[in-house]
2 protein chains.
Amino acid sequence: MDTYLQAGLDALGDATRMAIFQKLAAGPLAVNQLASTLPVTRPAVSQHLKVLKEAGLVTDNRAGTRRLYRLNPEGVARLRAHFDQMWTQAMSAFQAAAETPESPVKVKGESHATDRRRSRRS
Amino acid sequence: MDTYLQAGLDALGDATRMAIFQKLAAGPLAVNQLASTLPVTRPAVSQHLKVLKEAGLVTDNRAGTRRLYRLNPEGVARLRAHFDQMWTQAMSAFQAAAETPESPVKVKGESHATDRRRSRRS
DNA sequence: CCTGTAGGTAAGTGTCCACTTACGGTAAGT
DNA sequence: ACTTACCGTAAGTGGACACTTACCTACAGG
């Protein structure tokens with residue numbers, strides 16, 4: 001898999017983080033400014049910003065007692081590139097399928113076990 | 001916010017669902033075929049496919065006793081369009097910021113309460 | 001009709017994570 | 001120095017949700 005893509009999806013997967021991302025798209029904002037327009041408390045916003053920062057999607061700099069957060073162009077561009085790659089890869093399947101008129105997909109035996117046990121993940 | 005975008009992010013936010021999506025990008029697959037290459041059981045795959053289907057990202061059709069799942073071009077294209085819109089919107093902020101040399105952002109009083117209580121969400 | 005394969009669904013459980021409150025720490029104003 | 005605004009972090013909790021097992025239905029072959 002693509003770890004960058006997964007990290008980006010994990011960062012934007014949460015609705016609140018997504019909302020923060022969208023608000024920062026309009027311009028730099030302080031933590032209180034973000035929290036005042038969101039249905040969560042300020043510490044929650046701080047934690048979300050930490051995640052977004054670790055994902056390379058935002059940067060911060062001090063402005064007096066406040067701390068202004070803004071989107072990180074490089075991180076956003078890189079994540080977008082990974083997404084674009086995924087879309088094109090997903091779309092290429094249709095073109096390939098459209099050119100071949102019919103593929104029977106005749107896999108007969110292949111996995112005859114019903115409800116096999118599996119290992120837990122991590 | 002954008003409900004479509006959020007639905008798509010919710011659908012692809014999970015790592016397993018993302019893996020299923022990626023595998024389906026290579027071509028149509030049955031449930032057992034997916035489950036055999038994933039670290040989860042078949043029912044789990046079925047549930048993920050249900051979510052992806054409700055999000056309009058995949059379609060299914062019967063093939064004998066099996067059921068073949070494939071990506072839905074329209075749903076994928078629509079989700080991609082929403083993503084593209086988000087990226088460009090996010091990028092437009094930098095251009096606007098680059099053209100204006102300095103904006104003081106002098107918001108003085110605006111929210112003077114510290115750690116205000118808020119309502120839970122849903 | 002019976003057996004075996006394929007898959008959807010119900011019900012239950014464990015874990016993660018998005019929140020909260022509480023606290024400490026820095027910068028500006030008086 | 002004292003106060004006040006702003007912010008990050010620690011610690012703890014509740015709920016969602018990604019899993020599991022168990023059960024039932026549908027199709028194909030003998």
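Naming convention: chains lettered A, B, ... in sequence-line order (proteins, then strands); numbering from 1 in each chain.
Residues in residues 55-64 of chain B take part in these salt bridge (charged side-chain N to carboxylate O under 4.0 Å, His left out) pairs, two or more places apart or across chains: B:K53-B:D60, B:D60-B:R67.
For C:dG8, one of the phosphate oxygens OP1 or OP2 lies less than 4.0 angstrom from a side-chain nitrogen or oxygen of B:Y69. Listed pair B:T16 / D:dA18 fails the phosphate criterion, with no side-chain N or O lying under 4.0 Å from OP1 or OP2. Regarding contacts with the backbone of D:dA18, a side-chain N or O of B:R17 is found under 4.0 angstrom from either OP1 or OP2.
Residue B:T65 places its side chain closer to C:dA6 than to any other of D:dC7, C:dA6, C:dT9. Residue B:A44 places its side chain closer to D:dT20 than to any other of D:dT20, C:dC19, D:dT9. Looking at the side chain of B:H48, the nearest of the listed nucleotides C:dA18, C:dA27, D:dA18 is D:dA18.
Closest of all the heavy-atom pairs between B:A25 and B:L71 is CA-CD1, 3.6 Å.
By the 30° and 60° cut-offs, the orientation of the rings of B:W87 relative to A:F21 is perpendicular.
Distance A:Q47 CD to D:dA10 P: 10 Å, rounded to the nearest Å. One interatomic measurement links the two molecules: CE of B:M18 to C1' of D:dC17, which rounds to 19 Å at whole-angstrom precision. In this entry the distance linking CG of B:L68 with C1' of C:dG7 reads 12 Å, nearest Å. A straight line from CG of B:L34 to P of C:dA6 spans 14 Å, rounded to a whole angstrom. Atoms CZ (B:R66) and C1' (D:dT25) sit 18 Å apart, rounded to a whole Å. Rounded to a whole Å, the CG atom of A:D10 is 13 Å from the P atom of C:dC16. The interatomic distance linking B:L38 (CG) with D:dT20 (P) rounds to 11 Å, in whole Å. Between the CG atom of A:N32 and the C1' atom of C:dT26 there is a distance of 15 Å, given to the nearest Å.
Remark: the A:R42 side chain and the D:dG8 base include a donor-acceptor N/O pair separated by less than 3.5 Å.
Taking a pair to require two hydrogen-bonding distances under 3.5 Å in either a Watson-Crick or a G-U wobble arrangement, C:dT30 pairs with D:dA1.
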**Request:** Just do the side-chain contact (heavy atoms from CB on, under 4.5 Å) check on A:L12 and A:L57 with the steps written out, would you?
**Result:** CA-CA 10 Å; A:L12 295 182; A:L57 293 176; 4.2 Å; yes

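With the nearest nucleotide of DNA chain C identified for both A:R62 and B:V45, B:V45 has the one nearer the 5' end.
For the pair A:H48 and A:L34, the minimum side-chain heavy-atom distance is 4.5 Å or more.
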